[in-house]
Enquirer: 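Take this structure, written in structure tokens, and hold onto it; I'll ask about it next.
All chains are named by letter (A, B, ...) in the order of the sequence lines, taking the proteins before the strands, and each is independently numbered beginning at 1.
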Number of protein chains: 2
Amino acid sequence: MQAAEKLFVERGYGAVTVKDIAKEAGIHHASLYHHIPDGKAALFVEVATRNMKRHHEGIQQAIAGADTLREQLQGIASWLLSEAPVDVVRFSKSDLPAIAQATDQATADKIASLMHESTLLPMTHVLHMAQAKGEIDHPHLGNMAGAVFSAIEGLHSIPDQYLVSSRQAMANQIIDVFIKGMQAD
Amino acid sequence: MQAAEKLFVERGYGAVTVKDIAKEAGIHHASLYHHIPDGKAALFVEVATRNMKRHHEGIQQAIAGADTLREQLQGIASWLLSEAPVDVVRFSKSDLPAIAQATDQATADKIASLMHESTLLPMTHVLHMAQAKGEIDHPHLGNMAGAVFSAIEGLHSIPDQYLVSSRQAMANQIIDVFIKGMQAD
DNA sequence: GTCTATATAAAGATAGAC
DNA sequence: GTCTATCTTTATATAGAC
């Protein structure tokens with residue numbers, strides 16, 4: 001019944017009502033409270049946690065299923081583009097402050113940490129492994145991991161009708177530019 | 001009185017209440033309706049339009065104030081990092097649908113177009129100019145413009161306490177990688 | 001587990017005094 | 001132009017029947 005995940009992740013905490021969720025699930029909104037006795041904020045926390053763990057899993061599998069940096073990043077892009085956008089800006093500036101107020105700061109901090117561990121750390125790890133193998137040579141891999149991540153996620157914002165090629169093809173172009181730009185002269 | 005801009009742009013339409021705006025402006029929320037007789041949605045439209053026009057102006061000036069592609073992109077980054085985040089994902093997936101429902105689809109479409117013209121088109125133009133001068137050589141400049149934009153905007157999501165170097169320094173690193181990656185072999 | 005009905009609180013909005 | 005007071009609608013949440 002956690003199709004709440006879709007709505008929360010796509011539109012954010014404040015922009016989704018419990019009625020929206022109930023409607024998506026095909027039940028009356030009062031019935032939802034049987035499943036979420038602790039209310040909307042608790043549901044968001046649960047759903048955000050699930051979502052981040054799924055992302056961690058998906059990204060890890062994408063990494064494990066490829067050998068070269070290019071293939072690994074393409075696999076991560078494939079995963080990210082198959083999921084609802086991970087809007088880190090909205091998350092840190094809008095969702096988490098609201099959750100911190102509805103519950104407490106520690107809960108919000110925990111989700112923020114989980115997000116970082118689930119998305120940026122694996123990306124950074126991939127770059128470090130590639131650097132150890134000599135595929136790239138760059139002094140700021142953490143920054144580059146964030147940049148690649150943001151660039152790929154940004155593709156979600158392009159409406160379908162404006163797409164000239166697939167988002168995956170565009171992601172691959174971006175990845176190629178990053179890899180080439182991160183190589184030693 | 002349009003300090004509503006700050007709140008709307010930072011947190012999004014749904015996450016900001018009229019009372020929040022009134023409080024930020026230091027007046028009672030009922031007093032706000034003297035200035036916004038057409039309500040919250042109309043205010044958002046007005047504010048979003050202003051915001052996009054300011055961005056267009058800021059980006060154009062950053063471009064005009066520099067000669068090389070690197071300096072122009074650094075100038076654009078400096079502008080973007082001095083402003084509240086432009087969260088295109090939240091905008092397209094959350095804010096605009098809400099505005100379309102509160103007003104009409106045409107109004108939402110207009111803002112979306114303005115956003116594209118104000119941010120991505122100037123960035124793309126810069127890349128095309130640089131290509132004409134031989135600074136870069138890449139077949140998908142529109143995609144690259146979006147990628148640079150998203151990568152820079154993503155820096156907003158890093159909390160101050162986690163910054164090891166300034167956002168501008170990180171933006172410059174990203175720009176260098178992009179330029180090098182977009183150059184011909 | 002799901003519904004109807006209802007309570008409570010918050011948000012958007014208006015009226016009218018000053 | 002700003003306030004207090006009030007209205008309406010919407011949202012979160014609970015109670016209790018089925």
Side-chain angles (χ1 to χ4, degrees), chain A residues 1-51 90-91 93-105 107-108 111, chain B residues 1-51 87 90-91 93-108 111:
Chain A
M1 204 67 83
Q2 265 66 345
E5 188 166 331
K6 179 192 167 195
L7 292 176
F8 271 144
V9 172
E10 201 162 87
R11 294 196 232 147
Y13 181 72
V16 174
T17 71
V18 296
K19 285 190 181 178
D20 292 332
I21 298 168
K23 192 178 179 184
E24 178 82 17
I27 59 175
H28 195 274
H29 78 274
S31 308
L32 251 192
Y33 283 88
H34 176 79
H35 304 275
I36 50 161
D38 294 336
K40 184 188 176 188
L43 174 62
F44 182 87
V45 171
E46 189 183 328
V47 147
T49 303
R50 279 169 52 99
N51 186 248
R90 189 203 70 210
F91 216 75
K93 301 270 181 187
S94 181
D95 294 344
L96 286 187
I99 290 298
Q101 197 192 347
T103 63
D104 55 283
Q105 188 61 44
T107 303
I111 304 178
Chain B
M1 204 69 81
Q2 264 67 345
E5 188 167 330
K6 179 191 165 194
L7 292 177
F8 272 143
V9 173
E10 200 162 89
R11 292 195 234 149
Y13 180 72
V16 174
T17 71
V18 175
K19 287 189 182 179
D20 290 333
I21 298 169
K23 192 178 179 183
E24 178 81 16
I27 59 176
H28 196 274
H29 79 274
S31 309
L32 251 192
Y33 283 89
H34 176 79
H35 305 274
I36 51 161
D38 293 336
K40 184 189 176 187
L43 174 61
F44 181 87
V45 171
E46 190 184 326
V47 147
T49 303
R50 279 169 52 99
N51 186 248
D87 190 340
R90 188 202 71 211
F91 216 76
K93 302 270 180 185
S94 181
D95 294 344
L96 287 187
I99 290 298
Q101 196 193 348
T103 65
D104 55 282
Q105 189 61 45
T107 303
I111 305 178

Enquirer: Rounding to a whole Å, what distance do you find between H35(B):NE2 and dT2(D):C1'?
Expert: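 Computing the H35(B):NE2 to dT2(D):C1' distance gives 8 Å.
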
Enquirer: What distance separates F8(B) CZ from F44(B) CZ, expressed to the nearest 0.5 Å?
Expert: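 That separation rounds to 6.5 Å.
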
Enquirer: Whether R11(B) and D20(B) form a salt bridge (side-chain N of Lys/Arg under 4.0 Å from carboxylate O of Asp/Glu) is what I want to check.
Expert: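 Counted as a salt bridge, because a side-chain N and a carboxylate O are separated by less than 4.0 Å.
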
Enquirer: Starting from P on dC3(C), measure out to CD1 on I27(A) and report it in whole angstrom.
Expert: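 In whole Å, dC3(C) P lies 6 Å from I27(A) CD1.
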
Enquirer: For Q101(A), does the CD atom sit with more than 12 other heavy atoms under 6.0 Å from it, leaving out its own atoms?
Expert: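 Not more than 12 within 6.0 Å, no.
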
Enquirer: Please check: side-chain N/O of T107(A) versus main-chain N/O of T103(A), any donor-acceptor pairing under 3.5 Å?
Expert: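 No, T107(A) side chain to T103(A) backbone: no donor-acceptor pair under 3.5 Å.
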
Enquirer: If you round to the nearest 0.5 Å, how far is CG of L7(B) from NZ of K23(B)?
Expert: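 The NZ atom of K23(B) sits 11.0 Å away from the CG atom of L7(B).
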
Enquirer: Any chance you could list the contact pattern along nucleotides 4-18 of chain C? Use B for base contacts, S for sugar-phosphate-only contacts and - for none, protein heavy atoms under 4.0 Å, 5' to 3'.
Expert: BB-----SSBB----

